[in-house]
Amino acid sequence: MTQRIIGIMGALPEEITGVIELLKDKEEYRIGKRTYYKGTINDQQVVVVYSRIGKVAASATVSTLILKFNITELIFTGVAGGISNHLKIGDIVIGSELVQHDMDAYPLFPTFEIPLIGKSHFKSANDLIQQANESIQHIFDQNYLHHVISSDDLEQFHIHQPSLHIGLIASGDQFFRDQTQKDHLLELLPETLCVEMEGAAVAQVCYEFGIPFVIIRTISDEADQHSTIDFTRFTEKISNIYSIEIIKHIIK
Ligand code: ADE
């Protein structure tokens, strides 16, 4: 039987350094201007890396995880801008489906379809969605965040009873920073829960290599005129803690 090796990715150090600190028997590998950390979490073999922002950076990184480190599955953890009105800062979204909102080769191919693949939406693996779902419900039900994030910080972001959502994540090389961008996206892809800049690229590469994956995103901002400030504060103070809790509870 092939050995299970889980790749764990985020885009930014602020999303992933806490996870790197969980590693036992850590080894470092420097490839293509990125550092890959191999080790174990809860006795499970993992490789952890941050890709930097954007679809190209994420694609190069996940390809390296697959081809050089032979990962058998991939978990992405990071932040996103909320698009649906039902989402609040501090909520978590599991991307059951991922789409690249900036892919548009129309009229050669339908808008959003990845040319010559014949697909626009990529699905996370059902069993990984299920594992993530149970672990995150557990984190929220047991009030773990209130033990690991100060009341002041929770109050600053109005995080009281965060909730979990499962649905469509849209990715593209664009930071959403005003209502017009949001409205435009909602017109084209009304099911979108949140936006970020890597997930659907990771999803496409995993699909092409047959690697099961799940994309998990914490809402850092509402993808509006306040997003730059909210994003910066949230990634400085909170996102690493969410990543640590999510990963600790999923990898058992
Ligand atoms: N990731 C977190 N917030 C985001 C935003 N507003 N736009 C794109 N990606 C994001």
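Note that ligands are numbered from 1 as they come in the structure, with each ligand's atoms numbered from 1 the same way. Fair warning: this is a prediction, and the values are worked out from it, not measured in the lab. Atoms considered below: every heavy atom in the structure, side chains included; atoms not considered: hydrogens, waters and symmetry mates.
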Check for a donor-acceptor pair, side chain of Asp178 on one end and backbone N or O of Thr180 on the other, with a separation under 3.5 Å. yes

Report the nearest protein non-hydrogen atom to atom 3 (N) of ligand 1: residue, atom name, distance rounded to 0.1 Å. Asp221 OD2, 2.7 Å

of all protein heavy atoms, closest to atom 1 (N) of ligand 1 is Ala80 CA, 3.7 Å

Are the side chain of Ser124 and the backbone of Gly95 linked by a donor-acceptor contact shorter than 3.5 Å? yes

Which residue owns the protein heavy atom closest to atom 10 (C) of ligand 1, what's the atom, and how far is it? Val195 O, 3.6 Å

In this structure, are over 12 heavy atoms from other groups packed under 6.0 Å from Gln225 atom CD? yes

Under a 4.0 Å heavy-atom limit, does Phe176 contact ligand 1 with its side chain, its backbone, both, or neither? both

Under 3.5 Å, N or O to N or O, is Ala223 touching ligand 1 that way? no

Quick one: do Lys119 and Glu208 satisfy salt bridge (charged side-chain N to carboxylate O under 4.0 Å, His left out)? Show the steps, please. CA-CA 11 Å; Lys119 272 173 83 68; Glu208 292 184 20; over 6 Å; no

Under 4.0 Å from a heavy atom of Gly81: which atoms of ligand 1 are those, numbered in the order shown and with their elements? 1 (N), 2 (C), 3 (N), 4 (C), 10 (C)

Heavy-atom count check: over 12 atoms from other residues, nucleotides or ligands less than 6.0 Å from Lys88 NZ? yes

Could you tell me if the ring centre of Phe122 sits under 6.0 Å from that of Phe213? no

Counting each atom of ligand 1 from 1 as listed, which ones have a heavy atom of Ser220 under 4.0 Å away? 2 (C), 3 (N)

Can you report which non-hydrogen protein atom sits closest to atom 9 (N) of ligand 1, along with the distance? Glu196 CA, 3.4 Å

Phe231 neighbourhood, listing ligand 1 atoms whose heavy-atom distance to it stays under 4.0 Å: 2 (C), 3 (N)

What's the shortest distance from atom 8 (C) of ligand 1 to any protein heavy atom, and which residue and atom give it? Gln174 O, 3.4 Å

Can you find a side-chain donor-acceptor pair between Ser171 and Glu196 that sits under 3.5 Å? yes

